[in-house]
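Just below is one structure, and these are the notes that go with it.
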Amino acid sequence: MQTRPLGNTGLTVSAIAFGGIVVTDTTPAQAEHHVGWAVDHGVTYFDVAPSYGNAVKRLGPALAPYRNGISLACKTLKRDAAGAQAELLSSLKALCTDHFDVYQLHGLSDMDEVEQVFAPGGAMETLLWAKREGLVRNIGFSAHSEDAALRALSLYPFDTVLFPMNWALGAIHGFGQRLARQAKAQGTGLIAMKSLAHRQWLESEVHTHPKAWYKPIYRDDKLALAAMKYTLSTGAATLVSPGDFDLFAFMVGHIDACLAHPFTEEDAAFVREQALAIREHLLF
């Protein structure tokens, strides 16, 4: 698998990232298999969070034999300094490591949360402390609000941002494009999620992939590949997989072809047509 620079971090990461939810509710043996398979197929970037069920507990031991050769990212949902510090230290222990290559404020949802983490006694104090102490190499955040993400980038030169760069949202609303431009201008590494998200589940549907709160693209290779190419076209360095192993394996198996044949005008017309068909059920 191709590797790519992650902004100005100095890290070189695989074009597909291992989303920690893949090992949520697995056995230790299954977690070891999934991680080993990922490493054998060239995956070097692993992302997890304490809020992903028992993913941290499963990922730590499974990843330990490979730790020196991969980049590990974790997150905190805590908005205060004390809470973030306690969660950071707990995650380091559970993940069997002495540092995180990337540590992120998790899920900044609106302007109020951005102001909260930057206020005196806010979580940013802990992230800055952890970077000074060598516990964290790079500081990032994740968000679903483009306005909140842009505000965060205006307050601090974050090393990374994890954001939904989704084909349908992009085609209909241009969602994420302002952020992508700003991340590129600042040298912030763009990490993309929701590249294989299709739409909201409908009430009548069987949830074929229970780890995804949205309906993923599956059994539709044309749309899946166009969706991945769209996300790459936004400047994303790496694409975080959905939570189910089969979707992760699909992305790993097809990413090099997507990189070799970038997003075209024909692809753009196709994804717009597909997006218009589901515009009443977009992710958000």
Side-chain angles (χ1 to χ4, degrees), residues 2 4-9 13 15-17 19 45 47 102 104-111 113-114 140-200 213-217 222-242 251 255 258-259 261-284:
Q2 291 189 36
R4 295 142 67 79
L6 182 58
N8 292 336
T9 64
V13 298
I16 296 299
Y45 190 85
D47 177 276
V102 178
Q104 302 152 101
L105 297 166
H106 190 181
L108 297 177
S109 61
D110 53 37
M111 297 294 196
E113 286 202 344
V114 175
F141 69 92
S142 69
H144 286 79
S145 163
E146 195 165 13
D147 288 338
L150 288 167
R151 175 61 175 161
L153 285 177
S154 75
L155 294 173
Y156 179 78
F158 283 94
D159 300 301
T160 67
V161 54
L162 171 61
F163 197 78
M165 305 304 293
N166 173 257
W167 61 279
L169 292 171
I172 298 296
H173 299 300
F175 184 77
Q177 292 175 10
R178 290 181 298 147
L179 176 66
R181 289 192 295 269
Q182 189 60 35
K184 182 178 181 180
Q186 294 187 203
T188 303
L190 179 58
I191 305 162
M193 54 181 161
K194 307 299 187 289
S195 57
L196 274 195
H198 190 189
R199 55 165 169 77
Q200 298 174 18
W213 60 264
Y214 51 83
K215 179 182 180 294
I217 302 170
K222 182 179 179 180
L223 181 56
L225 296 178
M228 290 169 63
K229 290 196 288 183
Y230 167 81
T231 303
L232 291 168
S233 77
T234 67
T238 185
L239 284 55
V240 180
S241 68
M251 294 180 75
I255 187 61
C258 291
L259 288 165
H261 303 283
F263 197 63
T264 64
E265 291 296 329
E266 183 179 351
D267 292 324
F270 173 66
V271 298
R272 180 164 179 79
E273 176 188 5
Q274 295 294 307
L276 287 170
I278 61 167
R279 67 182 308 162
E280 301 302 318
H281 303 287
L282 298 176
L283 293 181
F284 37 82

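The closest donor-acceptor contact from the side chain of Arg4 to the backbone of Ala236 lies under 3.5 Å. Between the Thr231 side chain and the Met165 main chain, a donor and an acceptor come within less than 3.5 Å of each other. Not one N or O on the side chain of Trp213 forms a donor-acceptor pair closer than 3.5 Å with the backbone of Gln200. For Gln104 (side chain) and Ser142 (main-chain N/O), no donor-acceptor pair under 3.5 Å exists by modelled atom type.
Rounded to the nearest 0.5 Å, atoms CZ (Phe141) and CG (Leu162) are 9.5 Å apart. Rounding to the nearest 0.5 angstrom, the gap separating the CG atom in Leu223 from the NE2 atom in His198 is 5.5 Å. With rounding to the nearest 0.5 angstrom, the CG atom of Asp267 is 11.5 Å from the CD atom of Gln274.
At a threshold of 4.5 Å between non-hydrogen side-chain atoms, the residues Met228 and Trp167 do not count as touching. Between Leu153 and Gln186 there is a side-chain heavy-atom pair separated by less than 4.5 Å. Using a 4.5 Å heavy-atom threshold, the side chains of Phe263 and Cys258 count as separate. Side-chain contact check for His144 versus Leu283: every heavy-atom pair is 4.5 Å or farther apart. Residues Met251 and Leu196 meet the side-chain proximity criterion, which asks for heavy atoms closer than 4.5 Å.
The minimum heavy-atom distance linking Ala168 with Leu282 is given by the pair CB-CD2, 3.8 Å. In terms of heavy atoms, Ala226 sits closest to Val271 at CB-CG1, 3.7 Å. Shortest non-hydrogen contact noted between Leu108 and Ala143 is O-CB, 3.3 Å. Considering all non-hydrogen atoms of both residues, Ala183 and Val161 come closest at CB-CG1, 4.3 Å. In this structure, Thr9 and Leu6 approach most closely via the heavy-atom pair OG1-O, 2.7 Å. Closest approach of Ala237 and Pro5 over heavy atoms only: CB-O, 3.5 Å.
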Please tabulate, for the side chains in residues 187-195, all donor-acceptor contacts under 3.5 angstrom to protein atoms that are two or more places apart in sequence or on a different chain.
from: Thr188; atom 1: OG1; to: Phe158; atom 2: O; distance (Å): 3.1

Applying side-chain contact (heavy atoms from CB on, under 4.5 Å), run through Ile172 and Leu276 and close with a yes or a no.
-> CA-CA 7 Å; Ile172 298 296; Leu276 287 170; 3.6 Å; yes
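Note on residues 153-165: pairs passing side chain to side chain donor-acceptor pair (under 3.5 Å), not counting sequence neighbours, are Lys131-Asp159. Note on residues 165-182: pairs passing salt bridge (Lys or Arg N to Asp or Glu O under 4.0 Å), not counting sequence neighbours, are Glu146-Arg178, Asp147-Arg178. Sorted by first and then second residue, the salt bridge (Lys or Arg N to Asp or Glu O under 4.0 Å) pairs with a member in residues 270-283 form an empty list; sequence neighbours excluded.
Every residue two or more places apart in sequence or in another chain was checked for a ring pair (Phe, Tyr, Trp, His ring centres under 6.0 Å) with Tyr45, and none qualifies. The ring pair (Phe, Tyr, Trp, His ring centres under 6.0 Å) test applied to Phe175 returns Phe163, Phe284, not counting sequence neighbours.
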